[in-house]
Amino acid sequence: MKRSHTCGALTSEHVGQAVTLCGWVDTVRDHGGILFIDLRDRYGMTQVVCDPDDSAAAAEVAKSTRPEFVIQVKGTVRARPADMVNARIATGGIELVGESVTILNTSKTPPFPLDEDKAAKVHEELRMESRYLDLRRASVQRGLILRHKMAIAVRKFMDEQEFIEVETPILTKSTPEGARDYLVPNRVTPGTFYALPQAPQQYKQLLMVGGMDRYFQLARCFRDEDLRADRQPEFTQIDVEMSFVDEEDLYGIIDGLLAEVMVASGHPRPELPLPRMSWHEAMDRFGSDKPDLRFGWELTSLADVFAETEFKVFANVLKSGGVIKAINCKGQAGIPIRMIDEWTVLAKSHGMGGLAYIRVQEDGTWKSPIVKFFAEAEVEALRAKLSVEPGDLVLFAAEQAKNVDPFLGKLRLEAANHAGIIPKGEFKFTWVTEFPLFEETDAGRLVSMHHPFTTPKPEDVPLLDTDPGKVRAVAYDIVLNGVELGSGSIRIHDPALQGKMFDLLKVSEEEKESRFGHLLKALAYGAPPHGGIALGFDRLALLMAGGKTIRDVIAFPKNHKGIDLMMDAPSTVDAKQLHDVHIQLDLPPEVE
RNA sequence: GGGGUCUUAGCUCAAUUGGUUAGAGCGUCGGCCUGUCACGCCGAAGGUUGCGGGUUCAAGUCCCGUAGAUCCCGCCA
């Protein structure tokens with residue numbers, strides 16, 4: 001071994017020992033005679049002292065080092081004088097007296113400062129181009145180490161629960177629904193393609209048919225869609241499937257899993273079971289199927305308050321079957337009018353006529369363009385229902401519920417973010433259950449909200465014939481701090497019911513066969529009742545790490561356009577490679 | 001596909017109403033310095049103001065186009 005200890009290992013216990021350290025030069029402080037080197041590796045930082053009076057040769061070599069040189073230092077551990085202890089680093093009580101310094105490798109000057117504070121401000125593009133240097137920073141390493149700890153915790157817990165990790169293929173079959181597939185041309189049979197999996201959905205169900213009973217996988221998934229701060233073209237899911245279970249069993253497992261992940265990430269163990277609410281309740285109270293429960297400002301229905309109102313706008317909405325709802329943004333009366341103007345634009349884009357508001361002055365008077373239309377009793381009822389106090393800002397929306405809820409849900413988040421009231425360092429989980437089985441497209445067609453193998457709630461099965469839009473599914477999301485962490489369902493294992501689903505979804509026999517034939521065939525051979533979930537591992541890591549983008553917890557992430565700035569991928573390939581896989585390019589005219 | 005923001009030295013930024021030779025801190029290089037820990041002090045080098053065009057006596061600054069980055073909408077069963 002080239003080293004006896006790491007740069008984070010030495011303490012006062014080692015004083016007097018002869019040791020060898022290796023690492024990167026973090027800083028050199030040259031006093032003309034005596035010279036200090038902060039030596040850094042993954043484990044920490046240790047101060048090396050080179051005094052020409054101790055070893056002229058070592059001091060000479062040390063003098064020629066520069067930041068990011070890789071060196072080996074042999075020497076003796078010495079306690080620092082009491083007034084020279086550095087309390088900010090773990091090894092601050094000792095220093096290594098350099099008796100021999102060897103330069104293992106030199107380094108060019110990095111293109112950006114690796115110093116934590118400064119690096120945090122550098123354009124991400126530049127850091128990504130030289131990600132291997134960015135990775136030397138402790139904060140980046142912390143993210144990857146956290147991710148590792150999480151993965152270990154997941155595997156340990158799932159193993160204890162009798163789950164088997166099974167790898168499913170990366171080269172698989174294209175499924176035209178859902179996200180766009182990444183395609184891989186097949187050399188052997190010209191004109192055919194593999195697709196990279198968007199998720200191991202069908203494989204995991206086939207594993208249940210195969211009797212694996214409990215399956216999980218840290219599964220890499222690929223989706224060729226436009227990216228976001230929390231979305232990469234390739235990402236990792238904790239994929240889970242179980243046989244002979246109902247949703248309660250699944251909640252139990254995932255509750256336990258998330259508790260272990262929280263602990264492994266250095267956070268408090270959440271109280272179990274994790275809270276639950278129905279999809280309907282989430283939409284009604286928070287205007288979102290992924291409610292952020294870290295703050296209040298809930299949506300409140302005012303239909304009863306304004307049932308008899310003379311205010312025409314509200315009366316007309318109620319008459320046409322719409323709803324009137326409001327949120328009380330506590331203490332936000334002082335918000336500038338230009339914010340309200342901005343939100344009015346948002347309101348109109350969601351189909352509202354406008355955005356009504358009340359700003360409650362400190363003296364208790366209500367400043368609002370609409371209050372003058374309210375009856376005295378309505379004002380009082382409103383005050384009581386929304387607990388209106390001086391300093392509050394009340395925002396109204398009146399329209400059809402399907403427009404009001406999403407709008408107020410978005411407004412609630414915007415206003416809370418603007419006010420800066422969302423507490424940091426809190427973790428508020430919730431299950432959202434009983435998702436609708438279908439949603440209606442603009443063209444009036446029914447499509448699966450989750451996927452076509454999702455089972456309807458047994459008591460809602462009769463509605464499939466009469467009012468399919470009202471059917472609730474045994475489908476659920478797990479949500480943390482307003483972020484959808486994962487999504488799953490209990491699957492259909494009854495071929496007759498599955499057939500009915502395809503009829504409702506207007507899937508033709510042909511499509512059925514080409515897209516799901518293998519799965520349908522398998523389900524006919526004694527498929528056990530089963531269900532599962534997939535959790536976004538990168539997103540979970542991001543939330544545990546408290547970072548800003550998913551790129552913070554991925555070693556080599558791609559940018560917003562799916563480009564790996566370091567490798568410069570994707571790239572063109574040469575004609576021979578294209579010829580081998582029988583591909584001819586047909587590029588748009590602007591590409592030269 | 002659409003919208004917002006950004007692009008000036010290696011890095012982070014500044015530059016008045018369009019007006020002299022585009023500045024600062026950090027970093028880099030050289031010199032000095034024997035207890036610092038973001039060491040200190042002295043000095044130096046370093047610029048096609050993303051790129052292309054236009055307006056003007058004069059453009060980092062105004063206009064048009066374009067490239068790249070980033071965030072959002074659409075999209076992501």
Side-chain angles (χ1 to χ4, degrees), chain A residues 26-40 45-54 59 63 66-68 78 80-89 91-92 95 97 107-130 133 175-181 198-199 201-202 221-233 235 342 345-346 349-350 410 414 435 437-439 441-442 446-454 473 475 484 487-489 501 505 507 515-516 534 536 539 548-549 551 559-561 563 565 590:
Chain A
D26 198 73
T27 50
V28 184
R29 291 179 294 279
D30 182 352
H31 289 251
I34 197 167
L35 171 152
F36 302 92
I37 291 176
D38 286 339
L39 193 63
R40 184 195 71 226
M45 191 113 79
T46 301
Q47 174 167 283
V48 175
V49 195
C50 291
D51 190 331
D53 297 342
D54 295 335
K63 202 176 168 64
R66 294 287 177 274
E68 301 313 314
R78 179 164 77 190
R80 294 200 199 183
D83 56 337
M84 286 161 203
V85 166
N86 184 346
R88 280 177 304 169
I89 59 174
T91 62
E95 59 193 3
V97 181
S107 172
K108 291 167 69 171
T109 301
F112 60 92
L114 300 188
D115 172 68
E116 283 294 346
D117 298 337
K118 288 174 191 155
K121 292 182 188 166
V122 171
H123 279 203
E124 198 180 3
E125 179 187 6
L126 192 67
R127 293 199 282 113
M128 288 308 163
E129 279 171 6
S130 307
L133 295 179
T175 53
E177 61 170 15
R180 201 173 291 116
D181 285 319
Q198 297 172 24
Q201 181 60 39
Q202 297 195 29
C221 306
F222 307 85
R223 292 179 192 174
D224 184 9
E225 295 293 345
D226 288 340
L227 305 176
R228 289 287 186 281
D230 63 351
R231 238 194 266 162
Q232 284 273 303
F235 58 98
E342 214 171 278
V345 174
L346 186 71
S349 77
H350 280 75
K410 194 170 281 185
E414 290 253 340
F435 270 67
L437 189 59
F438 302 110
E439 59 188 336
T441 64
D442 294 337
L446 290 178
V447 296
S448 293
M449 198 140 170
H450 187 59
H451 61 58
F453 306 105
T454 304
E484 179 200 319
S487 190
S489 66
M501 284 292 294
L505 292 168
V507 178
R515 284 157 62 179
F516 310 114
R539 261 184 212 183
K548 269 198 89 161
T549 95
R551 298 184 291 271
N559 79 357
H560 175 251
K561 289 203 172 146
I563 294 168
L565 290 169
E590 66 268 24

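Quick caveat: nothing in here was measured; it's all calculated off a predicted structure. In what follows, chains are A, B, ... by sequence order, proteins preceding strands, each numbered from 1. What you see below is based on every heavy atom in this structure, not just the backbone, and it leaves out hydrogens, waters and symmetry mates.
- Residues passing the side-chain contact (heavy atoms from CB on, under 4.5 Å) test with A:Thr454, sequence neighbours excluded: A:Leu437, A:His450, A:His451, A:Ala473, A:Ala475, A:Ser489.
- Here A:Arg551 lies in heavy-atom contact (under 4.0 Å) with sugar-phosphate atoms only.
- Nucleotides B:rC63 and B:rC26 are separated by 36 Å at their C1' atoms, to the nearest Å.
- Contact annotation for A:His451: base contact, defined as any heavy-atom pair under 4.0 Å involving a base atom.
- With sequence neighbours left out, A:Arg40 forms a side-chain hydrogen bond (donor to acceptor under 3.5 Å, both in side chains) with A:Asp26, A:Glu68.
- RNA chain B is contacted by both A:Pro110 and A:Arg539; A:Pro110 maps to the nucleotide lying nearer its 5′ end (nearest heavy atom per residue).
- Spacing of P atoms, B:rU48 relative to B:rA22, comes out at 12 Å, to the nearest Å.
- Judged by Watson-Crick or G-U wobble contacts below 3.5 Å, the nucleotide B:rG23 has B:rC13 as its partner.
- One P atom belongs to B:rG60, the other to B:rG52, and the distance between them is 13 Å to the nearest Å.
- Listed by chain and residue number, A:Phe407 satisfy the ring pair (Phe, Tyr, Trp, His ring centres under 6.0 Å) test with A:His350 (two or more places apart in sequence, or in another chain).
- Both distances falling under 3.5 Å, in either a Watson-Crick or a G-U wobble arrangement, occur for no nucleotide opposite B:rU36.
- Relative to the side chain of A:Arg231, the nucleotides B:rC76, B:rC71, B:rA69 differ in distance, and B:rC76 lies closest.
- Remark: B:rU28 base-pairs with B:rA44. Criterion, Watson-Crick or G-U wobble with two distances under 3.5 Å.
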Does the protein touch nucleotides 34-46 of chain B at the base, only the backbone, or not at all? Give it as B, S and - per nucleotide, heavy atoms under 4.0 Å.
BBBBBB-------
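- In this structure, NZ of A:Lys561 is placed 8 Å from C1' of B:rA69, rounded to the nearest angstrom.
- One atom, CG of A:Asp181, and another, C1' of B:rC75, lie 14 Å apart when rounded to the nearest Å.
- B:rU56 and B:rG18 are spaced 9 Å apart, taking the C1' atom of each and rounding to whole Å.
- In this structure a side-chain-to-backbone donor-acceptor pair under 3.5 Å is present from A:Gln198 to A:Ala179.
- Residue contacts shown for A:Met449 are limited to sugar-phosphate atoms, with no base heavy atom under 4.0 Å away.
- Rounded to a whole angstrom, the distance from the P atom of B:rU5 to that of B:rC75 is 24 Å.
- Among the protein residues, A:Leu35 comes within range of no part of the nucleic acid, since none of its heavy atoms lies under 4.0 Å from any strand.
- Between B:rA14 and B:rA24, the two P atoms lie 16 Å apart (nearest whole Å).
- With a 3.5 Å ceiling on both atom-pair distances, the Watson-Crick or G-U wobble partner of B:rC62 is B:rG54.
- B:rC26 atom C1' lies 11 Å from atom NZ of A:Lys121, rounded to whole Å.
- Between the side chain of A:Glu225 and the main chain of A:Arg180, a donor-acceptor pair closer than 3.5 Å is present.
- Nucleic acid contact for A:Arg180: none, since no nucleic acid atom lies under 4.0 Å from a heavy atom of the residue.
- Atom-to-atom, CZ of A:Arg223 to P of B:rC76 comes out at 10 Å; the value is rounded to the nearest Å.
- Put simply, CG on A:Leu126 is 15 Å from C1' on B:rC6, counting in whole angstrom units.
- Here the separation of B:rA67 from B:rC76, taken at their C1' atoms, is 27 Å to the nearest Å.
- Checking B:rA69, B:rC71, B:rC75 against the side-chain heavy atoms of A:Arg228 singles out B:rC75 as nearest.
- Rounded to whole angstrom, the span from the NE2 atom of A:His123 across to the P atom of B:rA9 amounts to 10 Å.
- In this structure the side chain of A:Thr27 never reaches within 4.5 angstrom of the side chain of A:Phe36, judged on heavy atoms.
- A:Arg228 meets the side-chain hydrogen bond (donor to acceptor under 3.5 Å, both in side chains) test with no other residue; sequence neighbours excluded.
- Applying the side-chain hydrogen bond (donor to acceptor under 3.5 Å, both in side chains) test to A:Glu484 and every residue at least two apart in sequence or in another chain returns nothing.
- For the residue pair A:Gln47 / A:Arg29, a side-chain donor-acceptor distance below 3.5 Å is found, with atom types taken as modelled.
- Whole-Å rounding puts the A:Asn559 CG to B:rU70 C1' distance at 9 Å.
- Counting any heavy atom pair closer than 4.0 Å across all strands shown, A:Gln198 reaches no nucleic acid atom.
- For the OP1/OP2 pair of B:rC29 and a distance below 4.0 Å, the side-chain nitrogens and oxygens of A:Arg66 include at least one atom meeting the criterion.
- If you take CD of A:Glu414 and P of B:rC72, they are 12 Å apart, rounded to a whole angstrom.
- Rounded to whole Å, the separation between the C1' atoms of B:rU16 and B:rG53 comes to 28 Å.
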